[in-house]
Each structure stands twice: as C-alpha cells, then as structure tokens.
A.B. asks: 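For reference, the structure I am asking about is given below.
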2 protein chains.
Amino acid sequence: MDSDNRAKILSHALRLFAARGYDAVGVQEIVEAAGVTKPTLYHYFGSKRRLLDALLEEHFMALYAVVEPAACYRGDLSRNLNEITAAYFRFAKSQPPFYRLLLSMYVAPPDGESFHAAYGLYRRQYELIETLFKQAAEHHGNMKGRHRRYAATFLGMINTYITLALNEAAALDDELLYKAVHQFMHGIYS
Amino acid sequence: MDSDNRAKILSHALRLFAARGYDAVGVQEIVEAAGVTKPTLYHYFGSKRRLLDALLEEHFMALYAVVEPAACYRGDLSRNLNEITAAYFRFAKSQPPFYRLLLSMYVAPPDGESFHAAYGLYRRQYELIETLFKQAAEHHGNMKGRHRRYAATFLGMINTYITLALNEAAALDDELLYKAVHQFMHGIYS
DNA sequence: AGACAATTATACCAATCGGTATAATCCTGT
DNA sequence: ACAGGATTATACCGATTGGTATAATTGTCT
C-alpha cells in the first residue's frame with residue numbers, strides 16, 4: 001500500500017512514453033492515466049526528466065541481470081551468442097513497451113533529453129559484449145582486432161530482429177534465434 | 001530569390017529536428033533560426049507536420065536515387081552489396097543530420113507523428129533490398145526463403161555502422177565497407 | 001490522544017505550444 | 001502605371017507545457 005501511486009505512475013509513464021515518445025507526452029496526461037494529481041508525481045520524482053531516469057534504471061537492471069551471465073565466456077563462443085540472443089529475445093518479449101522505449105532512445109537526437117539518459121545504458125551492454133569477443137579472440141586468432149566491430153554488429157543484429165518483432169514482422173522464437181546466430185557466425189552462403 | 005525563405009526554413013528545421021527531435025522543437029524556434037516569421041512558414045507548409053513531410057520527401061529521394069541503381073541485380077550479389085553499402089555510406093556522410101533524423105524516426109514510438117512519416121520510407125528501401133536477395137536466391141539455391149531475413153539484417157547492419165559513425169565511433173571509409181560486407185557474407189570466423 | 005512526517009489535493013504560475021486573422025508589402029505581367 | 005497574386009509582418013488565439021505554493025489529509029509512532 002506504501003508507494004502504490006509511485007508504481008502506477010511509473011507503469012503508465014512507460015506505456016505512454018513507449019507509445020508516443022518522451023517529448024510528446026505531457027505530465028498532465030501521465031497523472032490522469034495513473035489516477036493521481038501532479039503534486040503526487042512531483043513528490044516522488046521531482047521532475048519529468050527524473051521520472052524517465054527512474055523508469056530506465058529500474059527496467060534496465062532486469063535486462064542487464066540476464067545478459068551479464070549470458071555474456072560470461074566459458075570457451076564456447078557460439079554458446080554465448082545463443083544465450084545472449086535468447087536473453088534479449090526473452091526480455092523483449094516480456095517487456096515490449098520498455099524495449100521499444102529503449103530502442104527509440106538509442107538513436108534519438110543527441111541533444112534531446114532522452115538520448116543522454118539512454119547512452120550510458122547502451123555502453124554498458126556494448127562493453128559486456130565487447131569483452132566477450134575480446135576473450136574469444138584469444139582462442140580464435142583470426143578474430144583479433146575485430147571485437148569492436150563484432151560487438152557493435154552483434155548488438156545491432158539483435159536490435160534489428162527485436163525491432164521487426166515489435167512491428168509484428170517477425171516472431172522471436174527458437175527457430176529465428178538459431179538462424180540469426182548461425183547467420184552471424186557463418187554468413188549468408190552456408 | 002524566389003523561395004529563398006522556403007529553403008532556409010527547410011534547412012534549419014532539418015538541423016533542429018535532427019539535433020533534438022521533432023516534438024522537442026517548436027515552430028517558433030524554427031522560424032527564428034531561419035530569420036522569418038511564423039506566417040511565412042505556414043504559408044509554405046501549412047502545418048508543422050507537413051513541414052516534416054516535405055523535409056523527408058526531398059532528402060529521401062536523393063537517397064533512393066543512389067540506392068536503387070546499386071540494388072539492381074546483375075548476377076554478382078557481392079558486387080551489389082558493396083555498391084549498396086557504398087551508396088549508404090556516401091549519403092550518410094554527405095547528409096549526416098538528415099540520416100540521423102531518418103534513423104531516429106525508424107524506431108520512433110509508433111503512435112507518434114514522426115513514425116508514420118518515416119515508416120513508408122523504410123519500406124521502400126527494404127523492398128528494394130528484398131527484391132535483390134530474391135533474385136540472387138535463384139542463382140544461390142541455398143539462399144531460398146531467406147530473402148526477408150537477409151534484407152532486414154543487411155539494412156540493419158548498414159544502419160548500425162552509420163549510427164556508430166554519427167556518434168563518431170567509426171569512420172565510414174572503404175576499409176570498413178569491405179570488412180562489413182565481407183562479414184555479412186561470410187560470418188565472423190573467416 | 002497527540003505529534004509528526006509522509007503523502008495528496010486545490011489552485012495557480014509564466015512560458016510555450018501549434019496555428020491564424022488581418023493587413024501591409026513585394027514582385028510580375030500587362 | 002496599375003492590377004493582382006504571391007509573400008511577409010504585426011498581433012493575436014485558446015490550449016497545453018513543466019512546475020509549484022499552500023493547505024488538507026493520511027498513516028505511524030509514542
């Protein structure tokens with residue numbers, strides 16, 4: 001019963017931001033959807049921007065928590081890539097509005113409020129993946145010096161498929177997962 | 001001398017939209033940057049939304065014009081992929097603000113004004129690439145039925161690299177171009 | 001019961017939002 | 001020189017923006 005209103009504000013703000021964007025949604029609209037008034041929102045979050053930060057923080061930790069173990073190298077890169085992709089697919093399916101918001105913020109205009117809030121989150125994922133490729137390169141000599149490119153394109157591929165799924169042009173099932181990782185590893189001719 | 005103001009409005013609107021987003025930029029700010037007044041803007045474009053449409057239309061045609069010939073299949077898929085990537089890289093380098101705006105709109109929230117304006121533009125590119133893979137599949141039997149996935153991931157890869165370049169984390173030079181296309185075709189182990 | 005802090009409501013703020021009515025100006029063709 | 005359409009400026013519209021001052025309410029602990 002404690003912070004019931006706080007949670008309601010968060011969930012409605014997420015839904016609205018994901019549907020129409022941070023700038024296009026007014027504070028008034030959020031509090032009306034949540035069934036509270038403005039001072040309640042400003043009591044919990046202080047500003048619209050900090051409401052967004054709180055939103056990102058709470059949901060992102062859940063994503064990071066499942067990706068981090070999946071990116072821990074244990075001698076089998078292809079297994080890592082499958083587990084990471086599975087983790088992302090599962091998370092995107094469980095929190096579509098949040099992942100939509102996250103995606104839109106990664107490529108948001110750089111001077112906007114939403115970009116800087118999200119850039120750090122992207123970096124943390126990227127570094128996780130880059131470290132994995134760096135470690136794997138020690139076992140696959142011909143991968144040396146490519147970890148940056150591989151990390152970026154691997155994350156890019158995952159986000160490409162999730163974008164398709166969010167627009168209902170793909171289903172994030174096990175078959176797609178296998179084909180996606182296979183294509184990433186072996187190219188399009190195999 | 002004719003529509004000098006019209007062009008000024010377009011160019012400043014593009015710069016501002018790309019920097020901070022469609023919703024975060026007010027009409028007032030655009031006209032001030034362009035050195036005109038609001039009725040001038042509304043005389044030429046009628047509404048803020050139609051200003052955005054005009055912006056997209058004019059610049060997108062230039063992109064489409066260079067990608068279309070590059071996507072025309074002539075029996076050598078790898079040559080097409082190189083030419084298409086080169087066309088995108090060149091365009092992104094020549095119009096960074098516009099490509100930034102385009103990218104941000106592809107993954108923008110689906111109920112926002114900017115999304116529907118851009119979705120059609122993405123589809124047109126996608127269909128160009130998909131047709132190419134469909135034609136190439138007739139010569140490479142083992143690619144059959146994969147043209148959708150290949151078109152999506154190929155475009156996704158290009159946009160991943162361009163995003164990196166826009167954030168100054170990569171240079172869209174010939175070396176990157178070659179490596180990108182090679183990786184797409186043959187995977188990460190070769 | 002009474003005190004105290006956390007929480008919520010009423011009512012308001014200046015500033016900005018997208019858009020427009022009216023009229024003045026400018027340029028072009030005759 | 002003059003007409004007429006294209007273009008631009010002044011001044012304004014109601015609605016909404018993010019944010020807040022004040023006060024009433026609530027739950028908790030002593």
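So that the names make sense, note that chain A is the first sequence line, chain B the second, and so on, each numbered from 1. These numbers come from the heavy atoms of this one structure, side chains and all, not from hydrogens, waters or symmetry mates.
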A.B. asks: On the nucleotide dA9(C), are OP1 or OP2 found under 4.0 Å from the side-chain N or O atoms that Thr37(A) carries?
C.D. replies: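 For dA9(C), OP1 or OP2 has a side-chain N or O of Thr37(A) closer than 4.0 Å.
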
A.B. asks: Does Lys48(B) make a side-chain donor-acceptor contact with the base of dG18(C), cut-off 3.5 Å?
C.D. replies: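 No, no donor-acceptor pair under 3.5 Å.
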
A.B. asks: For DNA chain D, whose closest nucleotide is more 5', that of Ala24(A) or that of Gly46(A)?
C.D. replies: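 Looking at DNA chain D, the more 5' nearest nucleotide goes with Ala24(A).
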
A.B. asks: Check whether any side-chain nitrogen or oxygen of Tyr42(B) sits under 4.0 Å from OP1 or OP2 of dT20(C), and answer yes or no.
C.D. replies: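 False: Tyr42(B) side-chain N/O out of range (4.0 Å or more) of dT20(C) OP1/OP2.
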
A.B. asks: Is the phosphate of dA9(D) approached by Thr40(B) (side-chain N or O, under 4.0 Å from OP1 or OP2)?
C.D. replies: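 Checking dA9(D) against Thr40(B), a side-chain N or O does come within under 4.0 Å of OP1 or OP2.
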
A.B. asks: Distance check: side-chain N/O of His43(B) vs OP1/OP2 of dT8(D), anything under 4.0 Å?
C.D. replies: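 Checking His43(B) against dT8(D): no side-chain N or O falls below 4.0 Å of OP1 or OP2.
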
A.B. asks: Using only side-chain N and O atoms of Asn5(A), determine if any of them is under 4.0 Å from OP1 or OP2 of dT7(C).
C.D. replies: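 No, no such contact exists.
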
A.B. asks: Using a strict 4.0 Å threshold on nitrogen-to-oxygen distance, state whether Arg20(A) and Glu29(A) make a salt bridge.
C.D. replies: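 Glu29(A) and Arg20(A): salt-bridged.
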
A.B. asks: Using 30° and 60° as the class limits, which term best fits the ring planes of Tyr150(A) and Phe184(A): parallel, tilted or perpendicular?
C.D. replies: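 Geometry flag for Phe184(A) against Tyr150(A): perpendicular rings.
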
A.B. asks: Roughly, in whole Å, what's the span from OH in Tyr44(B) to C1' in dA6(D)?
C.D. replies: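 One finds 8 Å between C1' of dA6(D) and OH of Tyr44(B), rounded.
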
A.B. asks: Would you indicate which nucleotide in dT20(D), dG19(D), dA9(D) comes nearest to any side-chain atom of Pro39(A)?
C.D. replies: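 So the nucleotide nearest the side chain must be dT20(D).
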
A.B. asks: Distance check needed: dA6(D) P versus Asp4(B) CG, whole Å only.
C.D. replies: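 From Asp4(B) CG to dA6(D) P: 19 Å.
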
A.B. asks: Expressed as a whole number of angstroms, how long is the span from Leu51(A):CG to dG19(D):C1'?
C.D. replies: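 Taking atom C1' of dG19(D) as the reference, CG of Leu51(A) is at 14 Å.
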
A.B. asks: Distance only, no hydrogens: is a donor on one side chain within 3.5 Å (strictly under) of an acceptor on the other, for Tyr178(A) and Asn82(A)?
C.D. replies: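 No, Asn82(A) and Tyr178(A) have no side-chain donor paired with an acceptor closer than 3.5 Å.
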
A.B. asks: Contact class for Val25(B) (heavy atom, under 4.0 Å): base, sugar-phosphate, or nothing?
C.D. replies: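 Answer is sugar-phosphate: Val25(B) comes under 4.0 Å of backbone atoms only.
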
A.B. asks: From CG of Asp23(A) over to P of dT16(C), roughly how many Å is that when rounded to an integer?
C.D. replies: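 My rounded result for the distance is 16 Å.
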
A.B. asks: Going by the ring pair (Phe, Tyr, Trp, His ring centres under 6.0 Å) test, name the single residue among Tyr106(A), Phe115(A), Phe60(A) that passes it with Tyr122(A).
C.D. replies: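 Answer to the ring pair (Phe, Tyr, Trp, His ring centres under 6.0 Å) test with Tyr122(A) among Tyr106(A), Phe115(A), Phe60(A): Tyr106(A).
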
